[in-house]
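So the structure is just underneath, and the comments pick up after that.
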Amino acid sequence: MAKSPFPQFRQDAIHAGEDEAERAHGLSPDIVMASSFEVAPGIGFSATEMDAETPYFYTRWANPTVRQLERKVAALDGGEDAVCFGSGMAAISHLWLSRLSAGDRLVLSNVCYAGAAELAHDTLPRFGIEVVTVDTGDAEAVASALTPNTRLVHVETPANPILRLTDIAAVATLAHAAGAELVVDSTIATPVATRPLELGADYVVHSLTKYACGHGGDALGGAVIGSTAAMQRLRQDALIHMGGTLSPFHAWLILRSLHTLDMRMFAHERTALALAKTLEGHPKVARVLYPGLASHPQHALALRQMECFSGMVSVVVRADPAALAERIYSGCSVFSYAVSLGKSKSLAVHIPTEDLLRTSFRLTGADADAYRAWAGDGVFRLSVGLEPADLVIADFVAALDDV
Ligand SMILES: *Cc1c(COP(=O)(O)O)cnc(C)c1O
């Protein structure tokens with residue numbers, strides 16, 4: 001693990017990617033909304049003829065504002081290059097569909113973002129792709145799922161919604177020994193906490209909608225980061241042909257937000273840790289899951305792999321979840337009852353275990369039992385915002401006390 005990325009991170013967050021020759025010397029990047037560009041005659045029409053020297057031509061392929069964001073996210077994650085997409089799910093689906101073919105196997109975390117889980121379970125098999133889900137926090141389970149036809153291993157760490165971790169270096173070694181590539185969805189960690197490429201991952205995926213955009217949560221976006229060759233292939237194969245392009249305006253909003261990413265992440269972490277410690281002692285709380293707590297089952301791994309524990313806290317309540325959800329919705333002044341995460345505003349949402357196991361994760365038997373042993377029922381996922389810590393804590397504790 002590289003040492004703390006600062007102060008280089010601080011420098012890159014503000015300056016990386018923004019020195020494009022195209023920009024008109026403003027201190028803020030230009031938003032180039034053009035969908036097409038005048039080019040000298042003779043440029044080919046096929047994506048197969050595109051290379052790094054191809055000029056801006058059509059924004060679905062590449063755009064000067066989006067390119068600046070791609071360079072910045074690549075720098076922050078320590079990657080050679082990146083490709084940005086219109087959402088985190090577009091990043092995941094384009095990457096999977098460009099790497100997987102009929103007969104290949106995808107090994108996936110059995111707990112991960114519900115959209116990714118459902119895409120894997122419902123869509124990939126229609127193309128003859130085999131999907132096997134395992135607890136990727138368990139290296140032996142990963143090892144036994146790897147077969148000669150395994151092309152990709154996709155993990156999310158920390159994983160939605162129970163904040164289970166995966167040892168990236170250990171899984172990278174296993175995946176590579178089996179001839180597979182490792183994808184790490186690092187949306188919750190962000191490059192402030194973890195830089196998966198330095199630990200051996202082949203691709204990092206982010207939903208830029210979350211902490212990267214942060215602020216009001218006003219733009220959707222996604223990114224894949226990896227080697228120059230892999231990103232060139234992804235752009236040609238996936239972005240140009242499947243078309244999940246990021247709007248230059250959203251790229252500009254996210255570029256601006258990244259200037260403060262590390263400062264926001266450490267502020268989220270400070271309040272999340274204080275809230276998690278308070279809730280651990282609350283009589284209506286059965287369990288608090290936060291990688292920064294000594295009680296987290298993988299706290300030792302968290303200390304090794306995360307330089308910031310991020311702002312997500314999952315809390316298992318001993319109260320009627322429907323009543324607590326209603327109380328948060330109608331009575332909280334700091335927390336909004338809403339999905340998504342990583343905003344300046346604090347968000348809380350009930351994640352019903354039975355529904356999630358059935359509709360998204362499709363877990364049964366021992367895997368379902370393991371999930372329940374970890375998280376149980378009455379799970380609320382809290383995305384701790386940037387409001388003052390004492391207000392955040394008082395607002396949630398008052399809601400718990402009332403139900
Ligand atoms: C939100 C999220 C996604 C999907 O991102 P969108 O931008 O909403 O499409 C993927 N992975 C994780 C971990 C997420 O939190």
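Residue numbers run from 1 in the order of the sequence given.
Note on residues 287-301: no pairs pass salt bridge (charged side-chain N to carboxylate O under 4.0 Å, His left out), not counting sequence neighbours. Applying the salt bridge (charged side-chain N to carboxylate O under 4.0 Å, His left out) rule to pairs touching residues 107-121 yields nothing, sequence neighbours excluded. Within the structure, the ring-ring contact (aromatic ring centres under 6.0 Å, His included) test picks out the following pairs touching residues 153-210 (sequence neighbours left out): Trp96-His154. Evaluation of the salt bridge (charged side-chain N to carboxylate O under 4.0 Å, His left out) test over residues 392-403, restricted to residues two or more places apart or in two chains, returns Arg327-Asp402. Pairs of residues two or more places apart, or lying in two chains, that qualify as salt bridge (charged side-chain N to carboxylate O under 4.0 Å, His left out) and include a residue from residues 346-365 are Asp122-Arg362, Glu354-Arg372, Asp355-Arg358.
Not counting sequence neighbours, Asp218 has no partner by the side-chain hydrogen bond (donor to acceptor under 3.5 Å, both in side chains) test. By the side chain to side chain contact (heavy atoms under 4.5 Å, CB included) test, Ser346 is found to be paired with Val334, Phe335, Glu387, Val392, residues two or more places apart in sequence or in another chain being considered. Remark: Ser383 pairs with no residue by the side-chain hydrogen bond (donor to acceptor under 3.5 Å, both in side chains) rule, at least two apart or across chains. By the side chain to side chain contact (heavy atoms under 4.5 Å, CB included) test, Ala139 is found to be paired with Leu174, residues two or more places apart in sequence or in another chain being considered. For Pro283, there are no side chain to side chain contact (heavy atoms under 4.5 Å, CB included) partners, not counting sequence neighbours. Annotation: side chain to side chain contact (heavy atoms under 4.5 Å, CB included) contacts of Ala62 (sequence neighbours excluded): Tyr56, Arg235.
Residues Val315 and Phe396 form a side-chain contact, since some pair of their non-hydrogen atoms from C-beta on lies under 4.5 Å apart. With contacts defined as side-chain heavy-atom distances shorter than 4.5 Å, the pair Phe361/Asp367 does not qualify. Between Leu324 and Leu400 there is a side-chain heavy-atom pair separated by less than 4.5 Å.
Partner of His268 under the side-chain contact (heavy atoms from CB on, under 4.5 Å) criterion, chosen from Leu386, Thr190, Leu273: Leu386.
The 12-atom threshold is not exceeded at NZ of Lys277, counting heavy atoms of other residues, nucleotides or ligands nearer than 6.0 Å. The number of heavy atoms from other shown groups lying within 6.0 Å of CZ (Phe266) is above 12. Taking a 6.0 Å sphere around OH of Tyr337, one finds it holds more than 12 heavy atoms contributed by other residues, nucleotides or ligands. In this structure, Met263 places its CE atom where only 12 or fewer heavy-atom neighbours from other residues, nucleotides or ligands lie under 6.0 Å away.
Rounding to the nearest 0.5 angstrom, the gap separating the CG atom in Leu356 from the OG atom in Ser360 is 5.0 Å.
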task: Tell me, with the steps shown, if Val317 and Phe380 meet side-chain contact (heavy atoms from CB on, under 4.5 Å).
output: CA-CA 8 Å; Val317 298; Phe380 280 74; 3.9 Å; yes
- request: Walk me through it: do Thr136 and Thr166 pass the test side-chain hydrogen bond (donor to acceptor under 3.5 Å, both in side chains)?
  value: CA-CA 6 Å; Thr136 53; Thr166 293; 2.7 Å; yes
task: Check the pair Leu347, Met312 against side-chain contact (heavy atoms from CB on, under 4.5 Å), reporting the backbone distance first and the verdict last.
output: CA-CA 10 Å; Leu347 312 176; Met312 301 301 299; over 6 Å; no
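Using a 30° and 60° split on the angle between ring planes, Trp252 and Phe249 fall in the parallel class, below 30°.
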Tabulate below the donor-acceptor pairs under 3.5 Å that side-chain atoms of residues 236-246 make, not counting sequence neighbours, or state none.
from	atom 1	to	atom 2	distance (Å)
Gln236	NE2	Ala47	O	2.5
Gln236	NE2	Met50	O	3.0
His241	ND1	Gln236	O	3.3

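When atom types are taken as modelled, the side chain of Thr209 and the backbone of Leu220 share no donor-acceptor pair closer than 3.5 angstrom. Checked by atom type and distance alone, the side chain of Arg151 pairs as donor or acceptor with a backbone atom of Arg99 at under 3.5 Å.
Aromatic rings of His296 and Phe309 (six-membered ring for Trp) have centroids beyond the 6.0 Å cut-off, not under it.
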